[in-house]
Amino acid sequence: MISPTDAKLAARLKPLALRPPGTLLVNEVYRSIQGEGLYAGLPCTFIRLTACHLRCSYCDSRYSFGQGDLVALDELVGRALALGDTVVEVTGGEPLLQAEVYPLMHQLVEAGRKVLLETSGAVGIEQVPPGVHVILDLKTPGSGEHEANLWSNLELLKPTDELKFVICDRRDFDWSLNAIGEHALIERCAVLMSPAFGLVNPTDLAAWILESGRPIRLQIQLHKQLWAPDARGV
């Protein structure tokens, strides 16, 4: 867990302050088509938890910073299973800020679901259950939060996990290539890059990837092509 060390961080974590044990502060639970990553295109149930200690420049889920309802752990598991999808993604906000997220993921795995965890990479992933597919979002300089990266997380990634970079400009791309080389990330797991929506032309990013000669997967947010870019619950 993150310990608030200053007033700004404490304010960002305030929504979680009065959360009773055994509950999670949940922003939304919904079904959609998975829009990103190695499972893109599949039906998926999304559990979006409330609160985040980061403020990335391109964040498209700012509504999750403070909005949410308290839901008991068992009730949340039941709601997710009732929707019937094989794939369930736990996201945020930053989902790893709530301790009950670990038994939540464990119970979903035990129920036979393929569980995806999307995390900022700024909270340790050592407690994540082994059966969970980690999607680690390594923050680039363009995000404004790259100093929050917890680099020790990279050593915990499994070959079946994935690492994501959101690219805001060419500087971000070059920074990401350097990180990929310095930490041998291609050898660890799948590496993906996304153009920050409205900031980078996907065609340009495709050209940069081809130019690099690296086996990097280009991904585009499929849900923003299918529905309005600012639509919720999709």
Side-chain angles (χ1 to χ4, degrees), residues 15-16 19-52 59-65 67-120 123 125 127-137 157-164 189-190 192 194 197 217 219-234:
L16 303 179
R19 184 175 50 84
T23 66
L24 295 102
L25 193 57
V26 181
N27 181 264
E28 55 186 352
V29 179
Y30 62 95
R31 296 188 70 227
S32 186
I33 296 295
Q34 176 60 253
E36 301 181 71
L38 301 181
Y39 290 83
L42 288 175
C44 180
T45 291
F46 291 84
I47 301 173
R48 186 181 302 282
L49 301 184
T50 300
C52 188
C59 181
D60 56 6
S61 57
R62 293 179 181 274
Y63 54 85
S64 69
F65 290 168
Q67 301 175 14
D69 298 310
L70 285 172
V71 182
L73 172 61
D74 290 345
E75 178 185 344
L76 183 56
V77 171
R79 285 172 59 181
L81 295 179
L83 292 177
D85 293 309
T86 302
V87 181
V88 179
E89 177 169 310
V90 180
T91 184
E94 171 50 68
L96 296 185
L97 294 175
Q98 301 191 45
E100 284 77 5
V101 72
Y102 300 105
L104 168 66
M105 293 186 289
H106 175 75
Q107 290 187 35
L108 291 170
V109 169
E110 288 295 298
R113 298 306 190 261
K114 182 62 185 180
V115 179
L116 317 181
L117 167 69
E118 181 139 12
T119 176
S120 66
V123 182
I125 61 171
Q127 296 183 59
V128 175
V132 172
H133 178 90
V134 176
I135 304 167
L136 191 74
D137 184 357
L157 290 171
K158 308 180 295 295
T160 53
D161 293 332
E162 57 187 281
L163 188 66
K164 179 176 76 170
C189 65
L192 302 92
S194 299
F197 190 81
R217 185 187 296 260
Q219 65 173 7
I220 299 173
Q221 292 175 299
L222 180 60
H223 49 290
K224 291 187 178 180
Q225 310 302 315
L226 297 173
W227 297 284
D230 59 349
R232 293 179 55 172
V234 297

For a quick test of your reading: what N or O donor-acceptor pairs under 3.5 Å do the side chains of residues 67-74 make, sequence neighbours left out?
| residue | atom | partner | partner atom | Å |
| --- | --- | --- | --- | --- |
| Q67 | OE1 | R232 | NH1 | 3.4 |

Report yes or no: does [X] contribute a side-chain atom to a donor-acceptor pair with the main-chain N or O of [Y] at less than 3.5 Å?
| X | Y | result |
| --- | --- | --- |
| S120 | E94 | no |
| K158 | G131 | no |
| E100 | G22 | yes |

Quiz item: Would L117 and L96 count as a side-chain contact (heavy atoms from CB on, under 4.5 Å) if you check the C-alpha gap in whole Å, the side-chain angles of each, and the deciding distance to 0.1 Å?
Solution: CA-CA 9 Å; L117 167 69; L96 296 185; 3.9 Å; yes
Student check: side-chain heavy atoms of [X] and [Y] closer than 4.5 Å:
| X | Y | result |
| --- | --- | --- |
| T119 | V128 | no |
| P95 | E118 | no |
| Q34 | L116 | yes |
| L38 | R217 | yes |
| V90 | V132 | no |
| L49 | L25 | no |
| Q221 | D60 | yes |

Nearest-0.5 Å distance, [atom1] of residue [X] to [atom2] of residue [Y]:
| X | Y | atom1 | atom2 | value |
| --- | --- | --- | --- | --- |
| T23 | Q98 | OG1 | CD | 7.5 Å |
| L136 | L163 | CG | CG | 5.5 Å |
| R113 | T86 | CZ | OG1 | 6.5 Å |

What's the shortest heavy-atom distance between [X] and [Y], and which atoms?
| X | Y | result |
| --- | --- | --- |
| S61 | G92 | OG-O, 3.6 Å |
| L76 | V26 | CD2-CG2, 3.8 Å |
| G93 | C52 | CA-CB, 3.9 Å |
| P43 | V87 | O-CB, 3.9 Å |
| Q107 | V77 | OE1-CG2, 3.6 Å |
| S194 | Q219 | OG-NE2, 2.6 Å |

Self-check item: Single hit among V134, D137, L192 for side-chain contact (heavy atoms from CB on, under 4.5 Å) with E162
Solution: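 Answer to the side-chain contact (heavy atoms from CB on, under 4.5 Å) test with E162 among V134, D137, L192: L192.
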Practice problem: Go through the steps for L24 and I47 under the test side-chain contact (heavy atoms from CB on, under 4.5 Å), then give the verdict. | Solution: CA-CA 11 Å; L24 295 102; I47 301 173; over 6 Å; no
Exercise. Ignoring hydrogens and angles, state whether a donor on the side chain of Y63 or E28 is under 3.5 Å from an acceptor on the partner side chain.
Key: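 Distance-only check passes for Y63 and E28.
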Self-check item: Residue pair T45 / D85, side-chain donor-acceptor N/O under 3.5 Å
Solution: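 Yes.
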Quiz item: Aromatic rings F46 and Y30: how do their planes relate, parallel, tilted or perpendicular, breaks at 30° and 60°?
Solution: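 It falls in the parallel class, under 30°.
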Practice problem: Could you walk me through whether H133 and Y39 pass side-chain contact (heavy atoms from CB on, under 4.5 Å), step by step? | Solution: CA-CA 10 Å; H133 178 90; Y39 290 83; 3.9 Å; yes
